[in-house]
Amino acid sequence: MNPYVQYMYGYPHKTAYRPLEGVSLEQYVHFLNGNGHGLYVHLPFCQSKCGYCNLFSVTGQDEEAVDRYLQAFERQSRQYQHLLQSVRTQFQELTIGAGRRCI
Ligand code: SF4
């Protein structure tokens, strides 16, 4: 079997990202009802940029920038906590990275 036959690139190119306006998780939280969900945490800090990668990630950030990002992540997590509790979301998989193969 050719391992590349079923390869499908699932991420949009980094130039495709835009501010998300007019969309709220509340509209879609029912899709996260119960278990069987995965949680992806995007930490876009890389030591060096891999040549093939077009994910949003940056290099050379200082500790302060990373701390600010993590604090924002914590704030956002607390905002979502109540919403996810309302539909009893259970994450069964956690992926940390800027892409699945990073960590
Ligand atoms: S996000 Fe992953 S694949 Fe992309 S540059 Fe960073 S380590 Fe490499």
Side-chain angles (χ1 to χ4, degrees):
M1 179 178 170
N2 183 339
Y4 300 108
V5 168
Q6 296 189 5
Y7 176 83
M8 183 180 350
Y9 189 77
Y11 297 102
H13 189 271
K14 62 187 172 190
T15 59
Y17 293 108
R18 304 277 184 279
L20 198 56
E21 296 170 354
V23 177
S24 164
L25 182 59
E26 289 178 7
Q27 296 171 272
Y28 300 98
V29 73
H30 63 280
F31 288 119
L32 296 173
N33 186 24
N35 60 21
H37 305 288
L39 177 64
Y40 171 73
V41 179
H42 188 73
L43 298 177
F45 306 106
C46 306
Q47 286 187 334
S48 61
K49 191 72 181 169
C50 302
Y52 56 85
C53 177
N54 67 5
L55 298 174
F56 179 78
S57 61
V58 292
T59 60
Q61 299 299 300
D62 60 22
E63 199 171 311
E64 186 182 332
V66 176
D67 280 349
R68 281 198 313 269
Y69 185 89
L70 293 175
Q71 288 167 9
F73 172 76
E74 186 176 349
R75 279 195 308 275
Q76 189 175 38
S77 298
R78 290 188 193 286
Q79 290 170 349
Y80 289 162
Q81 184 178 14
H82 176 71
L83 207 51
L84 296 177
Q85 282 176 340
S86 72
V87 292
R88 299 177 187 264
T89 303
Q90 292 179 18
F91 293 111
Q92 294 178 306
E93 180 180 325
L94 172 65
T95 304
I96 299 173
R100 280 191 160 258
R101 298 194 173 168
C102 300
I103 294 181

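Values in this document were obtained by computation on a predicted structure and should not be read as measured data. Atoms within each ligand, like the ligands themselves, are counted from 1 in listed order. FYI, side chains are in, hydrogens and waters are out, and symmetry mates aren't considered; it's all heavy atoms of this structure.
Of all the atoms in ligand 1, the ones that sit under 4.0 Å from a non-hydrogen atom of Cys46 are 1 (S), 5 (S), 6 (Fe), 7 (S). Set against the non-hydrogen atoms of Lys49, the atoms of ligand 1 under 4.0 Å away are 5 (S).
Not a single donor-acceptor pair under 3.5 Å links the side chain of Gln90 to the backbone N or O of Gly34.
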With side-chain contact (heavy atoms from CB on, under 4.5 Å) as the test, would you mind laying out the steps for His42 and Phe56 before giving the verdict? CA-CA 9 Å; His42 188 73; Phe56 179 78; 4.3 Å; yes

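A chain of hydrophobic side-chain contacts below 4.5 Å, direct or via other Ile, Leu, Val, Met, Phe, Trp or Tyr residues, connects Leu32 to Leu94.
Annotation: side chain of Thr89 is not in contact with side chain of Leu83 (no heavy-atom distance under 4.5 Å).
If you look at Ser57 next to ligand 1, the close heavy atoms, those under 4.0 Å, all belong to the side chain.
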